[in-house]
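Just below is one structure, and these are the notes that go with it.
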Amino acid sequence: MKHRPATILIVDDQLPNRRLLEVLLAPEGYVTWSAASGREALERIALEAPDLILLDVMMPDMDGHTMARILKSKPQTSAIPIIMVTAMVDRHSRLGSLEAGAEDVLTVPVDRAELWLRVRNLLRLKAFNDFLRDHGAILEKQVRARTAELQRFRTAMDATADAIFLIDRTSLLFVEVNATACSMSGYTREELFKLGPAALGGTEPDAARRVIEDVVAGHVEHRLADVQLRRKDGRQVSIEVTRTAHRLDEHWTVVAVARDVTERKKAEHRLHHLAHYDALTSLPNRTLFYEVLRKTIGQASDGRGRVAVLIVDLDHFKKVNDTLGHAVGDELLVRFSDRLASCIQLRDAVGRLGGDEFAIVLMQEDPHDDVQARAVSVAHAIREALHAPFDLRGRSVVSTASIGISIYPEDANSADTLLQYADTAMYQAKQGGRDTSRFFTPQMNADALVRLELEMALRDALDNEEFVLHYQPKVHLGTGRVVGVEALLRWQRPGHGLVSPADFIPVLEECGLMVRAGDWVIASVCRQIRLWRASGIGDVQVAVNIAQRQFIEGDLEAEIARVLAGNDIPAHLLELELTESSLMANTAHTVAVLQGLRRRGLQISVDDFGTGYSSLAYLRRFPVDKLKIDIAFIRDITSRPDDAAITLAIIGLAHSLKLEVIAEGVETAAQLAFLQGHGCDQIQGYYFSRPLPLAALEVLLREGHALPPVTAMATAADAEAVALLAPR
Ligand SMILES: Nc1nc2c(ncn2[C@@H]2O[C@@H]3COP(=O)(O)O[C@H]4[C@@H](O)[C@H](n5cnc6c(=O)[nH]c(N)nc65)O[C@@H]4COP(=O)(O)O[C@H]3[C@H]2O)c(=O)[nH]1
């Protein structure tokens with residue numbers, strides 16, 4: 001770059017002096033301007049500043065000192081070097097010039113060489129000063145730009161929701177953090193700078209260093225990590241950290257970007273809880289219980305320990321649900337689970353497998369701990385805990401439980417099988433009368449398999465029409481004639497022959513097929529009544545047994561009305577027999593259904609009467625037409641005074657309520673004579689006829705069989721029975 005020639009302003013009121021200085025300076029190549037007074041000079045400088053001023057001290061309007069002071073007092077002109085040109089050589093005058101701001105003093109007459117040197121030196125000095133000033137301005141500008149850039153960067157850093165920590169590899173301290181890092185940790189920036197990742201993560205410094213070194217070395221396993229950040233106030237925050245290493249010269253910095261994942265962790269925890277815990281009781285659900293059992297077996301197999309599995313099922317829970325509602329049922333389950341938990345020790349586990357079925361796993365603590373004995377005492381404790389009634393929304397409910405127990409390794413090695421065996425044993429406890437416990441035995445397994453087969457065969461039986469009806473006549477004791485029949489279900493099981501209802505009706509009830517089977521019976525009976533009416537046999541009243549479930553599930557009244565209408569038969573030809581216990585079980589609903597059916601003209605009879613402890617007051621509430629005395633009282637009616645007395649009481653009770661009474665299971669003439677002698681209205685039993693297949697019954701009906709006269713033997717037996725009843 002070519003330098004421009006320096007400009008020098010010569011200020012002197014004397015033209016010759018100005019000319020002289022111009023001439024003297026000309027060889028040096030400077031551009032010279034001149035001014036004849038201080039005022040003119042200032043005007044010139046205002047237009048364009050020279051690089052140097054040669055200033056005469058003695059001038060008429062404004063002396064050189066005054067002008068120098070003016071120039072030095074202004075920032076625009078203060079940097080212009082001034083050489084005072086004066087004839088006064090005394091010290092005082094020279095100091096005055098310097099004090100006024102002049103950089104140098106030249107005395108006249110001016111020496112050319114001295115003038116050149118002083119001008120050149122001052123111009124060099126100015127050039128250097130100008131360079132410094134310009135460079136400073138550039139630097140200042142650069143710093144301002146850098147500061148603004150940093151400010152923008154910091155604003156962006158502070159605006160991010162993630163916390164950013166810069167960690168110095170050597171000192172293992174934070175060297176930069178953003179605002180989120182402060183809010184997330186609860187520390188100020190200054191406090192954080194005194195800490196490092198070890199302090200914040202609650203880890204040993206050595207462990208933190210290993211992580212940093214791994215990140216610097218490029219190992220990926222620590223790049224992304226889920227860790228806990230310990231806040232200043234001691235709280236823990238779950239964070240997800242992404243770490244990257246950056247190098248500047250020889251320095252490594254690790255940038256850790258941390259995201260607060262507390263909410264996500266909570267959601268994950270909630271999901272995990274939902275998947276593993278029962279929402280109602282907060283106990284482990286089937287999945288988690290199964291896992292716990294599997295692990296317990298695993299531990300036991302290492303240490304040759306034993307494990308007991310208990311399945312606990314509330315008895316008659318469905319009844320609570322059906323009669324008191326699901327909310328009360330739920331409350332019972334919650335309260336029951338609390339009592340269950342109080343029966344086990346901390347090391348044991350309890351879970352809810354579903355519905356009213358709970359399970360417990362007991363682990364052998366040491367070789368002397370007898371897990372089998374513990375299972376017995378836990379089962380006992382559970383039954384004891386259930387003795388106190390539950391107060392459920394103001395209702396006092398007493399419940400019992402049936403418990404099945406299986407033992408590892410004696411019974412099985414896998415969690416699945418142990419659970420299945422405990423379930424089988426629980427089922428046996430139910431069969432054994434409930435409110436009891438049973439250990440699994442291999443025989444139970446065989447029984448369970450038989451039962452499973454039975455269940456599957458029964459499902460097919462309905463579809464394959466393997467059921468048939470047998471009919472047992474009912475005889476009126478006044479006339480001796482058949483007044484109706486009872487339809488009794490039989491199952492022609494392929495390969496097994498005719499199966500008695502006692503063997504399959506309970507299974508139908510338990511596997512939920514009773515309503516379907518019951519509907520089939522009603523439909524078949526009504527069709528048969530229609531066929532008899534159309535044939536020469538005429539009207540036959542048929543009684544069908546109605547199971548309790550038929551009252552609870554489905555719409556019994558609508559189903560019967562539909563079938564009666566479909567066959568176009570009068571309702572009084574259909575009689576419904578329901579047991580005394582099912583009558584008592586679900587009173588309000590049962591009464592409503594029975595009233596509806598009775599209004600339609602159906603006959604209602606109470607089966608097995610005398611076994612269900614019905615009180616007279618209860619019986620009045622039910623719309624029934626007939627009581628059937630249970631076979632148990634008839635069997636020994638002629639030999640046991642108690643049975644005879646009960647039978648007489650039932651006959652008396654029925655008649656006082658204007659109900660008919662029928663005795664079932666009459667096998668002997670003596671029984672018949674007794675009943676006849678005490679005013680029983682009807683009988684049913686082998687003495688007159690066994691239950692008959694359709695064809696045999698039709699023969700009996702067509703031939704008009706009637707009861708033979710009471711035999712002499714019967715009369716004698718009757719006399720004996722009466723004697724037994726007589727007061728002793
Ligand atoms: N020892 C003796 N027994 C006699 C005598 N007379 C009749 N029986 C038997 O006593 C049972 C009377 O029927 P239940 O009390 O209603 O008792 C029935 C009833 O509760 C149930 N049941 C039968 N069919 C049905 C049905 O269609 N639906 C429902 N829900 N239950 C049914 O199965 C029970 C047993 O039925 P079954 O085996 O047919 O047994 C019948 C019958 O064969 C006798 O003189 N001596």
Side-chain angles (χ1 to χ4, degrees), residues 458 461-462 466-475 482 484-493 497-528 542-554 556 559-560 563 574-583 585 590 604-612 626-638 643 662-672 674-675 680 682-694 696-697 700 707 714:
L458 273 172
L462 271 165
E466 292 169 12
F467 288 115
V468 285
L469 288 175
H470 281 193
Y471 299 90
Q472 186 175 35
K474 298 179 178 186
V475 181
V482 174
V485 295
E486 179 180 3
L488 293 158
L489 194 55
R490 301 286 180 268
W491 176 25
Q492 280 173 324
R493 187 177 178 192
L498 212 58
V499 186
S500 141
D503 295 332
F504 67 84
I505 294 260
V507 187
L508 279 181
E509 295 225 23
E510 277 161 33
C511 60
L513 291 170
M514 194 60 236
V515 176
R516 258 184 83 195
D519 287 349
W520 179 87
V521 172
I522 293 167
S524 305
V525 162
C526 289
R527 197 185 65 240
Q528 195 54 59
V542 186
V544 291
N545 290 283
I546 302 292
Q548 190 188 335
R549 280 191 177 251
Q550 288 175 268
F551 281 97
I552 298 166
E553 294 164 25
L556 184 66
E559 177 63 17
I560 290 177
V563 180
L574 190 61
E575 181 177 344
L576 304 184
E577 282 190 18
L578 60 152
T579 61
E580 190 183 3
S581 47
S582 66
L583 192 66
T590 313
I604 313 288
S605 137
V606 184
D607 206 357
D608 304 339
F609 193 79
T611 56
K626 198 188 278 182
L627 299 185
K628 195 179 218 183
I629 307 171
D630 192 68
I631 194 168
F633 303 112
I634 306 301
R635 195 173 293 124
D636 298 320
I637 197 173
T638 56
D643 291 350
I662 177 169
E664 70 178 350
V666 178
E667 294 184 356
T668 67
Q671 291 164 333
L672 174 68
F674 180 91
L675 292 162
C680 183
Q682 297 176 13
I683 61 113
Q684 181 182 343
Y686 294 172
Y687 181 74
F688 179 72
S689 170
R690 286 181 173 262
L692 301 171
L694 178 63
L697 176 78
L700 186 143
L707 203 57

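Keep in mind it's a predicted model, so treat the numbers as computed, not measured. Both counts, for ligands and for their atoms, begin at 1 and track the order of listing.
- Scored by the salt bridge (Lys or Arg N to Asp or Glu O under 4.0 Å) test, Asp643 finds Arg640 as partners (sequence neighbours excluded).
- Taking a distance limit of 4.0 Å, we find that atom 15 (O) of ligand 1 is approached by some protein heavy atom.
- Using a 4.0 Å cut-off between heavy atoms, Glu664 contacts ligand 1 through its side chain alone, with no backbone atom that close.
- With rounding to the nearest 0.5 angstrom, the CD1 atom of Ile637 is 10.5 Å from the CG atom of Leu672.
- In this structure, Phe467 and Phe504 have tilted ring planes: the angle between them lies in the 30° to 60° band.
- Contact annotation: for Gln472 versus ligand 1, heavy atoms closer than 4.0 Å belong to the side chain alone.
- With a 4.0 Å cut-off on non-hydrogen atoms, Leu489 touches ligand 1 through its backbone as well as its side chain.
- Contacts of Ile631 with ligand 1, taken as heavy-atom pairs under 4.0 Å, involve the side chain alone.
- Counting heavy atoms under 4.0 Å from ligand 1, residue Leu469 does not touch it at all.
- Ion pairing of Glu577 with Lys474 is present here, as a side-chain N (NZ or NE/NH1/NH2) and a carboxylate O approach within less than 4.0 Å.
- With a 4.0 Å cut-off on non-hydrogen atoms, Asp607 touches ligand 1 through its side chain and not its backbone.
- Within the 4.0 angstrom cut-off, atom 37 (P) of ligand 1 has one or more protein heavy-atom neighbours.
- At a 4.0 Å heavy-atom cut-off, ligand 1 does not touch Arg635 at all.
- Heavy atoms of Arg490 found under 4.0 angstrom from ligand 1 belong exclusively to the side chain.
- Distance check, rounded to the nearest 0.5 Å: CG of Asp608 to CD1 of Ile631 gives 9.0 Å.
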